[in-house]
Amino acid sequence: MHAPATKVAIHPFSDPGPEQTGAQLMHANPYRPWPARITSITELTATEKLFEFRFIDDRIRAAFHQQPGQFVELSIFGVGEAPISISSSPTKEGFIELCVRRTGRFTERLHQMQCGDIVGIRGPFGRGFPINDMRGHDVLLVAGGLGIAPLRSLINNIHDERSEFGKVTIIYGSKNPSEVMFRHQFEMWKHRKDFDLYLTVDVPDDTWDGEVGLVTKPFEHLEIDADNTFGALCGPPVMYRFVVQEMRKKNISYDRIYMSFERHMKCGVGKCGHCQIGHQYCCIDGPVFNYWEAKNIQESM
Ligand SMILES: Cc1cc2nc3c(=O)[nH]c(=O)nc-3n(C[C@H](O)[C@H](O)[C@H](O)COP(=O)(O)OP(=O)(O)OC[C@H]3O[C@@H](n4cnc5c(N)ncnc54)[C@H](O)[C@@H]3O)c2cc1C
Ligand code: FES
């Protein structure tokens, strides 16, 4: 017989005792942001930066494990809190990376922060991409614009465990070359035989030698083993219908097409109702949904 589980009661504002594990601390109060230090900042474009964070408490750092496609609630003390997708792979432990576009008050403040500054992070939250189901299969990943932020976690996870997946095809579309993020990483991968990579821009300039056209354009060249392929997509809402149509033309099953949705969120844990659509809470039932779930959501909107 199993001994009954010990319930650990921790007051939200008390100092964590040394006896609790990181997992116990995080589960005891999902609203509590844990202090994390900015350890690296990379400018990706004029409006996007990649931030690396490390939790200050060793126990939280060791216990934090995400699934590709999950998000955190990031807080800047005295400013506010925002949901942000985790952009780093779960295979890389000890730190997390968030790719953040400067769009308003919160993100503007984050962009002003420096290495060494402290923020609060709680999570990881939500349901991510079904990476375990994808193992042993081909994967077609399609990102548009900032959609590369959550998809990069899945892409890098697949990269780090490459032998566990079949053929991997990545399509990443941006409006113009100056908006292409992680260009250095993708330029290196262009020459790899174990990734089929298509970078495309709507409007090229003199520096661009990749594809030109919408993110659906590379589908013209794709050879897909439909019975063995999972599709994953993330990007602006307008992109979804057209990419799903292309995936369907290639006969990828609806059950195997997964997409990430962004809704306004507050609590991140299914309590406040801000992200509710029909009977679903985007923060706990998503943000990643398969085609059928996403269709039901859109019909309830
Ligand atoms: C699950 C999820 C994952 C996200 N991942 C990323 C990411 O990886 N990188 C990134 O740059 N942004 C991401 N966002 C969007 C990010 O949360 C908003 O850009 C941020 O909250 C804007 O705050 P602001 O004060 O800077 O801008 P505001 O001036 O408040 O708003 C600017 C834009 O952000 C939207 N927004 C504002 N508040 C929220 C909110 N609570 N939830 C969702 N959207 C909001 C607004 O509709 C508006 O379009 C994600 C959102 C969700 C829900
Ligand atoms: S963000 Fe509060 S219920 Fe989803």
Side-chain angles (χ1 to χ4, degrees), residues 29-33 36 38 41-53 66-90 96-113 119-129 143-156 172 174-175 179 181-182 232-240 258-289 293-294 297 300-301:
N29 182 0
Y31 299 104
R32 177 179 185 151
I38 301 177
I41 302 174
T42 310
E43 207 154 307
L44 298 172
T45 68
T47 48
E48 277 101 10
K49 285 183 179 175
L50 183 72
F51 296 86
E52 181 193 86
F53 302 91
Q66 82 272 24
Q67 242 186 309
Q70 284 191 299
F71 67 97
V72 292
E73 287 286 347
L74 175 70
S75 47
I76 304 175
F77 303 116
V79 179
E81 191 176 54
I84 304 287
S85 305
I86 303 171
S87 199
S88 47
S89 163
I96 59 169
E97 288 171 331
L98 307 179
C99 167
V100 182
R101 172 174 291 172
R102 184 162 42 81
T103 52
R105 184 170 161 267
F106 178 87
T107 47
E108 179 74 56
R109 183 69 193 87
L110 181 69
H111 271 240
Q112 289 164 1
M113 294 182 90
V119 297
I121 294 178
R122 59 190 181 93
F125 296 129
R127 191 174 57 148
F129 291 101
L146 188 58
I148 194 67
L151 219 59
R152 176 176 177 261
S153 174
L154 180 60
I155 293 172
N156 286 359
Y172 170 31
S174 307
K175 281 195 195 130
E179 293 188 15
M181 287 180 261
F182 308 108
L233 58 143
C234 192
V238 63
M239 183 190 106
Y240 285 33
Y258 286 84
M259 55 199 87
S260 179
F261 269 108
E262 277 187 18
R263 301 290 297 168
H264 274 249
M265 291 184 187
K266 290 274 180 225
C267 69
V269 291
K271 300 289 182 206
C272 71
H274 267 84
C275 67
Q276 189 176 1
I277 318 169
H279 64 284
Q280 307 259 34
Y281 287 114
C282 232
C283 66
I284 50 174
D285 299 316
V288 174
F289 295 95
E293 294 165 333
I297 287 177
S300 337
M301 278 163 64

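The shown structure was predicted, so the numbers you read here are calculated from the model rather than taken from an experiment. Numbering of ligands and ligand atoms starts at 1, following listing order. Heads up: numbering here begins at 1 and tracks the sequence.
- The option from H274, H264, Q276, K266 that lies nearest to atom 1 (S) of ligand 2, judged by heavy atoms, is K266.
- Ring-plane geometry between F51 and H111 is classed as perpendicular, the angle between the planes exceeding 60 degrees on a 0 to 90 degree scale with a lower cut at 30.
- Of the N or O atoms in P83, one or more lie within a sub-3.5 Å distance of an N or O in ligand 1.
- Of the candidates V288, L110, L146, it is L146 that places a heavy atom closest to atom 10 (C) of ligand 1.
- Atom 4 (Fe) of ligand 2 has C275 among its coordinating residues (N/O/S atom, backbone or side chain, under 2.8 Å).
- Below 4.0 Å from some heavy atom of V100 lie the following atoms of ligand 1, by number and element: 11 (O).
- Of the listed residues (P150, S260, G104), the one carrying the non-hydrogen atom nearest atom 27 (O) of ligand 1 is G104.
- Residue T103 approaches ligand 1 through these ligand atoms, each under 4.0 Å from one of its heavy atoms: 19 (O), 22 (C), 26 (O), 27 (O), 32 (C), 33 (C).
- Residue C283 counts as close to atom 4 (Fe) of ligand 2, with an N, O or S atom under 2.8 Å.
- Taking every non-hydrogen atom of S85 and a distance limit under 4.0 Å, the qualifying atoms of ligand 1 come out as 3 (C), 4 (C), 5 (N), 6 (C), 7 (C), 8 (O).
- For the pair A82 and ligand 1, the shortest N or O to N or O distance does not fall below 3.5 Å.
- By heavy-atom distance, the residue among K266, E48, R263 lying nearest atom 43 (C) of ligand 1 is R263.
- When G286, G126, G273 are checked for heavy-atom proximity to atom 3 (S) of ligand 2, G273 turns out nearest.
- K49 places no side-chain N or O within 3.5 Å of a backbone atom of E43 that could act as its donor or acceptor partner.
- Nearest protein neighbour of atom 26 (O) of ligand 1, counting heavy atoms only, is T107 OG1, 2.5 Å.
- Note on K266 versus E73: no salt bridge recorded, every NZ/NE/NH1/NH2 to OD/OE distance being 4.0 Å or above.
- Listed by number with element, the atoms of ligand 1 under 4.0 Å from a non-hydrogen atom of A149 are 8 (O).
- Nearest-residue assignment for atom 11 (O) of ligand 1 (options R105, E81, R101, Q70; heavy-atom criterion): R101.
- If you take OG on S87 and CZ on R152, they are separated by 4.5 Å, rounding to the nearest 0.5 Å.
- Which of H264, E262, E73, R109 comes nearest to atom 47 (O) of ligand 1 through a heavy atom is settled by distance: it is H264.
- Here C272 contributes SG and C267 contributes SG, and at atom 2 (Fe) of ligand 2 these two atoms make an angle of 100°, given to 10°.
- Between the side chain of T42 and the backbone N or O of L44 there is no donor-acceptor pair closer than 3.5 Å.
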